[in-house]
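Beneath this line is the structure, given in structure tokens, with notes to follow.
What you see below is based on every heavy atom in this structure, not just the backbone, and it leaves out hydrogens, waters and symmetry mates.
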Amino acid sequence: MGRHRKQSPAPIKRGSVIALTGLVPAGFVACAAASDLDSDQAAVQFASGDDQEGALGARSADSVEFVAHAMAQQRTAVPPVVKTVALSADRVKSDLPAGQLGVPGVAIAAYQNAERRLDAENPVCEMPWTLLAGIGRVESTHAFGGKADSDGNPLSPVYGPVLDGSLAGNNVIRDSDDGELDGLAGYDRAVGPMQFLPSTWKRYAADGNGDGIADPQNLFDAALTAGKYLCDGGLNMRDLAQQSRAILRYNNSMAYVANVMAWSNSYGNGVAPKPAQLPRI
């Protein structure tokens, strides 16, 4: 599928629609299969009321501990529900303190959570949270500068431009989700703080905060999904060539890659990037 390019970013205002790039599908993700448990095992788990941890191979299939652990494994293996959650308008901004270079605290929490999850699920990738922060900075300045609640939900939904050909430099992308994620019919637009096209989100969607839902507007879900997308195909983010290849999936522009890498490095060393390091995208 074609990629769309973005123009030079304009200043971001609260509640505004952001003219940013969205992700373009690059492959398929296989969903893990749930464990096979019969009804008797499920009944034992329900009666026990506990989730036990430990290696399955070290437990007897007849023990309550084995069944409890297997049921917990089954729950985590179930693919999350892919949707955007309707939230109340009276939510308040997270009060987590900002980190280096002003990265909002709730965004740091989301990026670092994604790093930990990916380290456990795909250690070959070696994803640093700072790279996800670089993507988040370029795509949405970390959800309008951290205007998100403590659960990682933006106070104002983050949307890219409508991809109907009216904006020079962007591809035309017909509707792929009946407006389910982007709220539009006829054409698509990128959604959420990490700016995913609906079709890409549905292929890579991850539940970063453990609520059983993969919401592209949620910082925790979006950060983990972005990590999965970048890591796809066995890429290693510690290899600069492979990292560049991964970032190009977001926007097929070396200027974009340079911007993301510059911010990623800055979040790692605490030194703001120089203007020369941030070419026009």
Worksheet item: What's the verdict on side-chain contact (heavy atoms from CB on, under 4.5 Å) for R203 and T200, showing C-alpha distance, side-chain angles and the deciding distance?
Response: CA-CA 5 Å; R203 293 183 180 182; T200 311; 5.7 Å; no
Discussion item. Under the criterion side-chain contact (heavy atoms from CB on, under 4.5 Å), I'd like the reasoning laid out for L219 against V106: C-alpha separation, chi angles, the key distance, then a yes or no.
Written reply: CA-CA 8 Å; L219 273 165; V106 66; 4.0 Å; yes
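- Between V124 and L235, every side-chain heavy-atom pair lies at or beyond the 4.5 Å cut-off.
- Contact check for Y267 versus R137: side-chain heavy atoms found under the 4.5 Å cut-off.
- Closest of all the heavy-atom pairs between I213 and P80 is C-CB, 4.1 Å.
- In terms of heavy atoms, P216 sits closest to P193 at O-CD, 3.3 Å.
- Within the 4.5 Å cutoff, no side-chain heavy atoms of L184 are placed close to those of D177.
- Ion pair E180/K202 flagged as a salt bridge, since at least one NZ, NE, NH1 or NH2 atom sits closer than 4.0 Å to an Asp/Glu carboxylate oxygen.
- Rounding to the nearest 0.5 angstrom, the gap separating the CD atom in E115 from the CD atom in E126 is 10.5 Å.
- R174 places none of its side-chain heavy atoms less than 4.5 Å from the side chain of D188.
- Proximity of a side-chain donor or acceptor of D207 to a complementary backbone N or O of D211 within less than 3.5 Å is detected.
- When atom types are taken as modelled, the side chain of D221 and the backbone of G208 share a donor-acceptor pair closer than 3.5 angstrom.
- Shown here are the side chain to side chain contact (heavy atoms under 4.5 Å, CB included) partners of S266, two or more places apart in sequence or in another chain: L101, N269, P273.
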Worksheet item: Would W129 and R116 satisfy side-chain contact (heavy atoms from CB on, under 4.5 Å), going step by step from the backbone distance to the final call?
Response: CA-CA 9 Å; W129 74 266; R116 289 190 295 270; over 6 Å; no
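- V103 and L96 fall into different hydrophobic clusters, where Ile, Leu, Val, Met, Phe, Trp and Tyr are joined by side-chain heavy atoms under 4.5 Å apart, directly or via other members.
- Rounded to the nearest 0.5 angstrom, L155 CG and L87 CG are separated by 10.0 Å.
- A donor-acceptor contact shorter than 3.5 Å links the side chain of R249 to the backbone of Y229.
- Contact detail for K93 and G145: the closest heavy-atom pair is NZ-O, 4.0 Å.
- Using modelled atom types, one side-chain atom of N265 and one backbone atom of M261 make a donor-acceptor pair closer than 3.5 Å.
- A distance of 11.0 Å separates OG in S253 from CD1 in I247, rounded to the nearest 0.5 Å.
- The backbone N or O of V191 lies less than 3.5 Å from no partner atom in the side chain of D182, so there is not a single donor-acceptor pair.
- Between N251 atom CG and Q195 atom CD the span is 11.0 Å, to the nearest 0.5 Å.
- Scanning for ring-ring contact (aromatic ring centres under 6.0 Å, His included) contacts around F220 gives an empty result, with sequence neighbours left out.
- With hydrogens and angles ignored, the 3.5 Å screen pairs a side-chain donor or acceptor of W201 with a backbone N or O of A214.
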Worksheet item: Given the rule in the side-chain hydrogen bond (donor to acceptor under 3.5 Å, both in side chains) test, do Q242 and N236 qualify, once you have shown the distances and angles that lead to the verdict?
Response: CA-CA 6 Å; Q242 294 184 53; N236 186 312; over 6 Å; no
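- Looking at V172 and Y187, their side chains come closer than 4.5 Å, going by heavy atoms from C-beta outward.
- Of all heavy-atom pairs between R280 and A255, the closest is O-CB, 3.4 Å.
- Between Y256 and Y250, the angle of the ring planes stays under 30°, which puts this pair in the parallel group of the 30/60° scheme.
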Fill in: Residues M127, C231; criterion side-chain contact (heavy atoms from CB on, under 4.5 Å); working and verdict
CA-CA 8 Å; M127 172 64 72; C231 293; 3.9 Å; yes
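- Of all the heavy atoms in R189 and P161, the pair that sits closest is CB-O, 3.2 Å.
- F196 is listed as a side-chain neighbour of M194, based on a closest heavy-atom distance under 4.5 Å.
- The distance from atom CZ of R117 to atom CG of L224, rounded to the nearest 0.5 Å, is 5.0 Å.
- Annotation: side chain of L118 is not in contact with side chain of C125 (no heavy-atom distance under 4.5 Å).
- Checking side-chain atoms of D215 against main-chain N and O of V85 turns up a donor-acceptor pair under 3.5 Å.
- When atom types are taken as modelled, the side chain of R91 and the backbone of P154 share a donor-acceptor pair closer than 3.5 angstrom.
- In terms of heavy atoms, Q217 sits closest to Y159 at NE2-CE2, 3.7 Å.
- Atom-to-atom distance recorded for L197:CG and I173:CD1 is 4.5 Å, nearest 0.5 angstrom.
- N259 places no side-chain N or O within donor-acceptor distance of the main-chain N or O of V138, the cut-off being under 3.5 Å.
- No side-chain donor-acceptor contact under 3.5 Å links Q277 to the backbone of A258.
- For S94 and D149, the side-chain atoms include no donor-acceptor pair closer than 3.5 Å.
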Item to complete: I would like to know whether D164 and S166 meet side-chain hydrogen bond (donor to acceptor under 3.5 Å, both in side chains); could you show each step before the answer?
Response: CA-CA 6 Å; D164 58 1; S166 61; 2.6 Å; yes
